[in-house]
There are 2 protein chains.
Amino acid sequence: METGTSKAPPRPLRVALAGVGTVGAGVVRLLDANARLIEARAGRAIRVVAVSARDRDKDRGVDLSPFAWCDDMTAMAARDDVDAVVELVGGADGPALTLARNAIAGGKALVTANKAMIAHHGLALGEAAEAAGVPLKFEAAVAGGIPIIKGLREGAAANAIDRVQGILNGTCNFILSTMEDTGRDFADVLAEAQAKGFAEADPTLDIEGIDAGHKLAILAAIAFGARLDLDHVSCEGIARVRAADIARARDLGFVIRLVGEADVEQSGSGGAARLLQRVRPCLVPRDHPLAHVDGPTNAVVAQGNYSGRLLFQGAGAGDGPTASAVVADLIDIARWAARNGSAGGDAGGETGGAFSIPVGALVAMAPAEPGERRGRTYIRFTVADRPGVLAEITAAMRDAEVSIESLIQQGEPDEAGEVLVAMVTHEGAERCVSEALRLLDGSASLTAAPLVMPILAA
Amino acid sequence: METGTSKAPPRPLRVALAGVGTVGAGVVRLLDANARLIEARAGRAIRVVAVSARDRDKDRGVDLSPFAWCDDMTAMAARDDVDAVVELVGGADGPALTLARNAIAGGKALVTANKAMIAHHGLALGEAAEAAGVPLKFEAAVAGGIPIIKGLREGAAANAIDRVQGILNGTCNFILSTMEDTGRDFADVLAEAQAKGFAEADPTLDIEGIDAGHKLAILAAIAFGARLDLDHVSCEGIARVRAADIARARDLGFVIRLVGEADVEQSGSGGAARLLQRVRPCLVPRDHPLAHVDGPTNAVVAQGNYSGRLLFQGAGAGDGPTASAVVADLIDIARWAARNGSAGGDAGGETGGAFSIPVGALVAMAPAEPGERRGRTYIRFTVADRPGVLAEITAAMRDAEVSIESLIQQGEPDEAGEVLVAMVTHEGAERCVSEALRLLDGSASLTAAPLVMPILAA
């Protein structure tokens, strides 16, 4: 690294910030509080020069007066005094996407925390960034402050990744681990999470697993070199998990977590690669690294063919952690020019494709059919309190060739007159469980659809 | 990223490999097995062109015939057909250091897994690399396959790091977790670890905490921007931990792990920063992320002022994980030239200082005096089986103002006629515990030096 004192100091990386909510204010605070060390590490200062947000007069707890105010955020992309645009507006489309496109087309580096936009439009934005020769970075879009994009894209870059598993939604993890700690039921804990700000007023995107699905699709593209395919992420949420399920899982040595899981299978000899992407509540054995992830924490496990299993864990959301990820991206962008003593507004130190390889080299993979996958499964039935119910269920299991490892029937019906029957299967093909449930579909014995959760292998 | 088809494909990154033991053979295998994806991710191929090792004829399970053989490894540094030298010879000094110096002086990028060399000579090598404008990278030197150097240097780069804690020696962790699982004693488990290849024939560097100390010193320099200071890493090993200590710790809700811990304190108002670096067996509460690190696994926790607590975990050693880290460094080096369509033998995509900031900017910090640090402590005495011993110990605690939270005395003397007395203190200053032990020093009641282990805060 050449830092000869005879040279002029490198020019700061000049940043335009679109969206100054909690995360945007966090970025402003972080860049101020850690300015000296950031300049030392990046080799040049990183300075906000322009900001844009909906309401100029709102008190955000940070002083925005040093920065140029832009009423029209998309105009920031055209400013000559901006090297990098940070998009924190949110939303898959609309102003965020317009800004992103304009920034890239205008030759600016783009940094975003917007998982929905990257999950929906990441390939198009990545191609545009390649064409323009500018970095597109989104560390903050997945798992908050955890450097998991960097971990997969660079840290594990030498490996063929066999599988990615992650706890990718802090709201769901807070709810599930609070249910576990307190024995309270879902609706009750959700209300508390909303009161505490851990869950949105409309929590659908979180509790239905959709937000985790966005993140999983992004991780899968990077890990496997697959074209990002949000349409084939199957998402099942946590709203149907009951305190009774968590108690039974605990008795069996498991915790319940919402896990996003992706892998690639080769179908047959020389067959095309197929991508499996699923977000589901799972039973996690206590010796699995994801079993100890509590509260609003996120974690990702990546299985590399040489590295073995890597775990990355940290805060999945919040202004501080998210700002940490945004600014890490900015430091990557700032770094190269510093090394070369350049004072130019170049694209900086960022190297390689946004998804690790060029978008055009990502492989379009058909979705995998998981029916032949083998594993153990937890199935909980909500049944009427009458004779013959167990016989009907166990007959369906037998007919579908599902082998039952253990079965627990609650002693007494609950206040709603329902009885819960929980079972764990021996290892078997997933399609057999599906077939058993098909046989029971429409049965008068069942008062609600069964809840099926896979048991992760240790 | 510009990958225009009209351009000639970028030239491969040409690598010379010094040392072809298990890790070196792993690098050769990895570069072959994952060649296509590495080329896609790096934007150009990474090819071994020359190798050097002690014995040309040894069967290493990999075919070295495609590569130029160099009898004199230091001559590899002068080869015109080499862009990067990978040093896997080992040893802090000697041929490894000569090769490293020559490679850097010859304008080659240097990648090494050699923690002892980096811990002893990292600053000088870093300065040489800056002067020569070449990358110096050592991801594999710390925590095997875990990308922790990258995690601190880049992933957490936006943060002031408050503290680093790590399980940095797989041998010790294997021994301690096996003692825990089996109830067997240290010497017995060490012998098994040696038989299984998890421990060296001479295990001193591992079990005395020296190897972990090397790694801790490297992490501390990067995390805190401190001049690497191996001389002031205090190391205490695990040889005195007994199965009885582990059992008692478990009863109290803790596991025992060898933990390296570093932080920076500001002494007084405007005082100079002081660096604390310690490797010690510690009692780790079950809700601490390091409590679930078993077997030969490593893990590092970094506390950032914006990111919060980040955990990185994975295999701490082995040919595959170490090769994964070595090749990740090579991919970083290869990447930039690809983006720019350059076919040159330039220093590539690597950006920033080896220790995150230029060596000249690292701050020389005096060692911290930990006496005023407060915490809870586990103390185990080995005492003679006679009256008055407990009174003597507890009087010393009282006189030194150590407040005892719990005390367990074993019922019967063991076969050696010894009785173990274990206590846990309330939170208090470390110097008080030291003072109590000073008061007891030379006492005829104690048959061996007490074993003192701190209790980590959750």
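Interface remark: A:Arg286 contributes no atoms to any contact with chain B (heavy atom separation under 4.5 Å). Proximity to chain B (any heavy atom under 4.5 Å) is shown, for A:Asn159, by both the backbone and the side chain. If you measure heavy-atom distances from A:Ala299 to chain B, you find no contacts under 4.5 Å at all. Looking at B:Ala315, both its backbone and its side chain come within 4.5 Å of chain A, counting heavy atoms on both sides. For chain B, the nearby part of A:Asn305 is the side chain; its heavy atoms alone come within less than 4.5 Å. For B:Asp329, no part lies near chain A; criterion is any non-hydrogen pair under 4.5 Å. Using a 4.5 Å cut-off between heavy atoms, B:Ala291 does not touch chain A at all. Neither the backbone nor the side chain of A:Ala361 comes within contact range of chain B; no heavy atom of the residue lies under 4.5 Å from a heavy atom of that chain.
Among pairs with a residue in residues 142-157 of chain A, those fulfilling side-chain hydrogen bond (donor to acceptor under 3.5 Å, both in side chains) read A:Lys150-A:Glu154, A:Lys150-A:Asp332, A:Lys150-B:Glu154, A:Arg153-A:Glu350, A:Glu154-B:Lys150, at least two apart in sequence or across chains.
The candidate from B:Ser307, B:Pro289, B:Ala328, B:Gly318 with the greatest count of non-hydrogen atom pairs under 4.5 Å with chain A is B:Ser307. The greatest number of non-hydrogen atom pairs below 4.5 Å with chain A, out of B:Leu310, B:Val293, B:Leu330, B:Val326, is found for B:Leu310. Ranked by heavy-atom pairs under 4.5 Å with chain A, the list B:Gly314, B:Gly26, B:Gly145, B:Ala157 is led by B:Ala157.
Formation of a donor-acceptor pair under 3.5 Å by the A:Glu139 side chain with backbone atoms of A:Ile149 is found in this model.
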Pair B:His292, B:Gln313 - check side chain to side chain donor-acceptor pair (under 3.5 Å), show working. CA-CA 10 Å; B:His292 306 289; B:Gln313 185 175 318; over 6 Å; no
